[in-house]
Amino acid sequence: MSLRIAGARRGEWLELMPGRLPMPASGDRYEAALAWLEGELDLPAKLRRTLEAEQGIKLAGDRLRLRLFPPRISQYEPMQPELPLQILYEDDFCLVVHKPAGVKVHPDGHSPQPTLANMVAGIYSERGEPVAPEHIHRLDENTSGPVLYAKNTYAKLKLDAAMARKEIGRVYVALVQGAVSPALRVIDQPIGKDRHHRARRRVSPSGQHAVTRVELLEAYPAASLVRLTLETGRTHQIRVHMSYAGHPLIGDALYGGSTKLTPHQALHGESLTFAHPLTGETLSVQDPWPASWTALLKQLRA
């Protein structure tokens with residue numbers, strides 16, 4: 001896909017200006033437009049077929065229109081959080097919101113508490129906008145940080161593909177037990193299910209390939225502050241890898257961490273980097289460290 005493709009939203013339609021289209025042998029301008037959409041916009045074939053079937057592609061003069069913004073209703077019940085949900089980035093294609101610790105990304109049928117999905121649905125319900133964003137990745141319930149949503153089918157398909165190609169960068173910070181050696185830079189160990197504990201994962205030779213990069217930021221008398229970059233996205237990957245390395249996360253009782261200073265794992269998503277699904281522009285979204293860490297760091301530095 002060419003970078004910096006420009007488009008303008010016109011209601012339910014995205015208007016593009018592809019310029020002079022190379023004509024196929026048939027001389028059909030519509031066929032030329034389809035070829036441009038495939039080659040330059042990298043329009044997913046599945047979506048192209050849907051748009052064609054629903055007359056969602058229109059060519060008029062030098063303007064090409066795609067119906068990418070039809071009204072949609074969220075499958076999740078709109079709910080309002082106690083505190084306003086923090087929007088870190090938003091445009092017509094993407095939404096990035098801060099997920100607080102203690103909030104699930106989506107309902108699991110076991111808890112009546114509002115989830116991030118309910119809160120996001122609440123944003124658009126309150127605005128009166130028929131938008132139903134879908135999450136691209138997840139965070140554990142007790143991990144805070146940015147969560148990326150796609151606001152339409154085109155963005156969902158493109159961002160899902162980028163996630164599968166490991167092109168969405170996720171960087172975390174964590175407070176862990178013990179003195180992490182500066183020599184610990186990479187943990188490359190497969191992760192699988194723990195047959196003795198349903199909720200837990202473990203390093204296992206038969207598990208899935210998993211790589212975590214480690215950077216020591218600060219060392220304290222009995223703990224360390226580390227920055228962690230995921231090359232893969234296995235369930236509980238950071239928690240499993242750091243516990244395996246002998247440095248469980250502070251507060252992470254499931255993987256051997258002490259809950260003396262905090263009741264849940266001290267893990268926060270610091271940044272999220274991805275290519276915009278339409279323009280190809282690299283977006284880096286930062287999420288400030290939780291306010292609760294101020295007191296925690298003060299205790300650790302004492």
Side-chain angles (χ1 to χ4, degrees), residues 1-9 12-16 18 33-54 56-57 64-70 72 74-76 87-97 99 105-106 116-117 120 131-140 145-172 190-191 208-213 229-235 237-238 269 271-287:
M1 182 184 79
S2 297
L3 293 179
R4 307 295 187 267
I5 287 181
R9 181 172 179 176
E12 296 180 16
W13 297 79
L14 176 69
E15 186 174 271
L16 300 162
L34 292 181
W36 183 87
L37 289 172
E38 179 181 357
E40 297 297 319
L41 191 66
D42 194 23
L43 184 71
K46 178 181 178 181
L47 179 57
R48 189 204 72 207
R49 291 192 294 269
T50 299
L51 289 173
E52 285 191 277
E54 297 175 353
I57 302 176
L64 178 59
R65 287 190 170 192
L66 306 178
R67 188 170 179 258
L68 296 186
F69 310 104
R72 296 173 61 203
S74 177
Q75 63 178 303
Y76 301 109
I87 296 174
L88 302 173
Y89 176 85
E90 185 179 15
D91 62 23
D92 288 327
F93 294 84
C94 308
L95 170 73
V96 182
V97 297
K99 188 192 85 65
V105 170
H106 55 77
L116 196 64
V120 167
V131 179
E134 297 181 71
H135 67 266
I136 301 300
H137 64 105
R138 299 177 178 88
L139 291 177
D140 291 343
V147 176
L148 172 61
Y149 285 81
K151 292 178 64 177
N152 53 57
T153 301
Y154 171 78
K156 180 73 163 60
L157 292 170
K158 295 296 292 291
L159 292 171
D160 277 346
M163 193 73 181
R165 295 191 301 267
K166 303 175 185 176
E167 293 174 355
I168 296 181
R170 291 160 293 161
V171 178
Y172 297 78
I191 293 176
Q208 294 178 297
H209 176 61
V211 178
T212 304
R213 297 199 171 273
T229 303
L230 295 181
E231 290 195 3
T232 53
R234 308 305 174 202
T235 300
Q237 178 172 318
I238 287 173
S271 67
L272 188 66
T273 303
F274 60 97
H276 190 277
L278 177 67
T279 68
E281 177 186 2
T282 298
L283 299 175
S284 185
V285 181
Q286 308 297 313
D287 193 345

Task: Closest non-hydrogen atom pair, Ile57 against Trp13 - done: N-CZ3, 4.3 Å
- [ ] Quick one: do Phe69 and Phe93 satisfy ring pair (Phe, Tyr, Trp, His ring centres under 6.0 Å)? Show the steps, please.
- [x] CA-CA 9 Å; Phe69 310 104; Phe93 294 84; 5.5 Å; yes
- [ ] Indicate the atoms forming the closest heavy-atom contact of Pro146 with Ser271, along with that distance.
- [x] CG-C, 4.3 Å
Task: Heavy-atom check, side chain of Asp91 versus side chain of His276, under 4.5 Å - done: yes
Open item on the list: Tell me the closest heavy-atom pair linking Cys94 and Pro277, and the distance in Å.
Closed with: SG-CD, 3.4 Å
TODO: Run the numbers on Thr282 and Thr273 for side-chain contact (heavy atoms from CB on, under 4.5 Å), then give the verdict.
DONE: CA-CA 7 Å; Thr282 298; Thr273 303; 3.7 Å; yes
- [ ] Quick one: pull up CG in Leu66 and CG in Leu47 and give me the separation to the nearest 0.5 Å.
- [x] 8.0 Å
Open item on the list: Please check: side-chain N/O of Thr232 versus main-chain N/O of Arg234, any donor-acceptor pairing under 3.5 Å?
Closed with: no
TODO: Give a yes-or-no answer on whether the side chains of Glu231 and Thr229 include a donor-acceptor pair shorter than 3.5 Å.
DONE: no
TODO: Taking all non-hydrogen atoms of both residues into account, name the closest pair between Tyr76 and His106 and its distance.
DONE: OH-CB, 4.1 Å
Task: Min side-chain heavy-atom separation Val147-Val120 under 4.5 Å - done: no
- [ ] Verify the neighbour count for atom CD of Glu90: are there more than 12 heavy atoms of other residues, nucleotides or ligands below 6.0 Å?
- [x] yes
Task: Contact check, side chains of Leu41 and Tyr154, non-hydrogen atoms, under 4.5 Å - done: yes
Open item on the list: Tell me whether Lys166 contacts the main-chain N or O of Gly233 through its side chain, where contact means a donor paired with an acceptor under 3.5 Å.
Closed with: no
Task: Reported CG-to-CZ distance for the pair Leu16 and Arg65, which is rounded to 0.5 angstrom - done: 10.5 Å
Task: Non-hydrogen side-chain atoms of Phe274 and Val96 separated by less than 4.5 Å - done: yes
- [ ] State, yes or no, whether a side-chain contact exists between Leu34 and Glu52 at a heavy-atom distance under 4.5 Å.
- [x] yes
Open item on the list: How close do Ala33 and Leu64 get, counting heavy atoms only, and between which atoms?
Closed with: CB-CD1, 4.1 Å
Task: Point-to-point distance, once rounded to the nearest 0.5 Å, from OG1 of Thr153 to CZ of Arg72 - done: 4.5 Å
TODO: Kindly indicate, with the supporting measurements, whether the criterion side-chain contact (heavy atoms from CB on, under 4.5 Å) is fulfilled by Lys99 and Asp287.
DONE: CA-CA 10 Å; Lys99 188 192 85 65; Asp287 193 345; over 6 Å; no
Open item on the list: I want to check something: taking the side chain as every heavy atom from C-beta on, are Leu272 and Tyr89 in contact at a cut-off of under 4.5 Å?
Closed with: no
- [ ] Report yes if some heavy atom in the side chain of Leu230 is under 4.5 Å from a heavy atom in the side chain of Gln237; otherwise report no.
- [x] yes
Task: Nearest non-hydrogen partners of Tyr172 and Gly269, listed with the distance - done: CD2-CA, 3.6 Å
Task: Rounded distance [0.5 Å steps], CG in Leu68 versus CG in Asp92 - done: 10.0 Å
Task: Atom pair CG (Asp42) and CD (Glu40), whose distance is rounded to the nearest 0.5 Å - done: 10.0 Å
Open item on the list: Counting C-beta onward and ignoring hydrogens, is there a side-chain heavy-atom pair between Leu88 and Gln286 closer than 4.5 Å?
Closed with: no
Task: From Ile136 atom CD1 to Leu159 atom CG, the distance as rounded to the nearest 0.5 Å - done: 4.5 Å
